[in-house]
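Each chain gets a letter, A, B and so on, in the order its sequence line appears, and its residues count up from 1.
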2 protein chains.
Amino acid sequence: MINKIVMKAKFKIWLEEKGGVAFAEGRRMLLEAVDRLGSLNAAAKELGMSYRAAWGKIKATEKALGIKLLEVTTGGKGGGGATLTPEAKELVSKYKQYIDRMTFLVEGEYIRIFENFEIRISKSKTNSNTK
Amino acid sequence: MINKIVMKAKFKIWLEEKGGVAFAEGRRMLLEAVDRLGSLNAAAKELGMSYRAAWGKIKATEKALGIKLLEVTTGGKGGGGATLTPEAKELVSKYKQYIDRMTFLVEGEYIRIFENFEIRISKSKTNSNTK
DNA sequence: CATCGTTATGCCAATTTAGGCATAATGATT
DNA sequence: AATCATTATGCCTAAATTGGCATAACGATG
């Protein structure tokens, strides 16, 4: 019986500052949503997370990198809102570029290196079952 | 005050099979140690983990990929031991090659994309402190 | 000056993950 | 057949991470 392997490479890349996570994909999506919606609250809702969690992520990044990410206002019609600072916009933009590039490379290198491994393993009969 | 950013890119790559983690760096080190020491127990000790944990990782990978990783014997002088199957050796070898290549690329692309970003941010004065 | 939706933050609960204790089985060696 | 270091595995505990509840402050608008 041929036991086809459908192995796949996954990866996660993040930016660290002094050993702590400073920025990663989740935060990039969050900032991108804030930029589009004009509000952290709305962005959190769209991503299915609580405002509390979203705010905490933003704060953690601001503290780690020492830069301000959001320009906020409170009060007024609509209660207020948030927009990205220029630094935040650039961080999001560069991180996106970085992730896209790495996604391409991770996939390409995986295929190059593991290609014939999978084929060979799939054809050998193995005592696969756990018990 | 110049607030120098020493941001760094970190990454983790793993192989998935049907959504579950099948292989990653920790397991590669474990198998590498088994290959060198001839025993899963000794390998676990060297890596500072319990035999229970090490055994669990191996089993999880064997189940996920449907291949046997260790050829084991019990009893006799020394109590027994474990050696890598040819498939395990190849998996370790290819994964190592993959990781080394990606480490190189992650670093290189990071520098290429973020280089001047850090410089600019570092020079602007920021209200860095959390409070 | 009351309203309303947003930002801001402490605090506790819950879920997930990892670790390790305990115990059985193995089998060549003596 | 007693020994001994290893493999094998169930089960419970601890730790770390995440999520969300509750509540305060804000301030332009009407």
Report summary line: Walking DNA chain C from its 5' end, the first of A:V72 and A:G79 to be reached, judged by nearest nucleotide, is A:G79

Query raised in the report: Given that B:S50 and A:T73 both sit by DNA chain C, which one's nearest nucleotide is further toward the 5' end?
Result: A:T73

Starting from [atom2] on [N], measure out to [atom1] on [X] and report it in whole angstrom.
X     : N      : atom1 : atom2 : value
A:K77 : D:dG30 : NZ    : P     : 7 Å
B:E46 : D:dT6  : CD    : P     : 14 Å
A:Y51 : C:dT6  : OH    : C1'   : 7 Å
B:K57 : D:dT7  : NZ    : P     : 17 Å
B:L40 : D:dT9  : CG    : P     : 12 Å
B:L47 : C:dA18 : CG    : C1'   : 16 Å
B:K45 : C:dG20 : NZ    : C1'   : 14 Å
B:K63 : D:dA8  : NZ    : P     : 16 Å

Query - Short side-chain N/O contact to D:dT7 OP1/OP2 from B:W55, under 4.0 Å - result: no

Requested in this report: Please state whether the phosphate of C:dG5, meaning OP1 or OP2, lies under 4.0 angstrom from any side-chain nitrogen or oxygen of A:S39.
Outcome: no

Requested in this report: Please work out if A:L70 contacts a base, only the sugar-phosphate, or nothing of the nucleic acid, heavy-atom cut-off 4.0 Å.
Outcome: nothing

Report task. With DNA chain D as reference, determine whether B:G76 or B:A82 sits nearer its 5' end, using the nearest nucleotide of each. Result -> B:G76

Query raised in the report: So how far is it from A:L40 CG to A:L69 CG, rounded to the nearest 0.5 Å?
Result: 10.5 Å

Report task. Would you give the length of the straight line joining atom CE of A:M7 to atom CD of A:E118, rounded to the nearest 0.5 angstrom? Result -> 4.5 Å

Report task. Indicate yes or no: at least one non-hydrogen side-chain atom of A:Y110 is less than 4.5 angstrom from one of B:I13. Result -> no

Requested in this report: Taking the side chain as every heavy atom from C-beta outward, state whether B:F117 and B:I119 have any pair of such atoms under 4.5 Å apart.
Outcome: no

Query raised in the report: With distance as the sole test, does A:Y98 use its side chain to make a donor-acceptor pair with the main-chain N or O of B:V106 at under 3.5 Å?
Result: yes

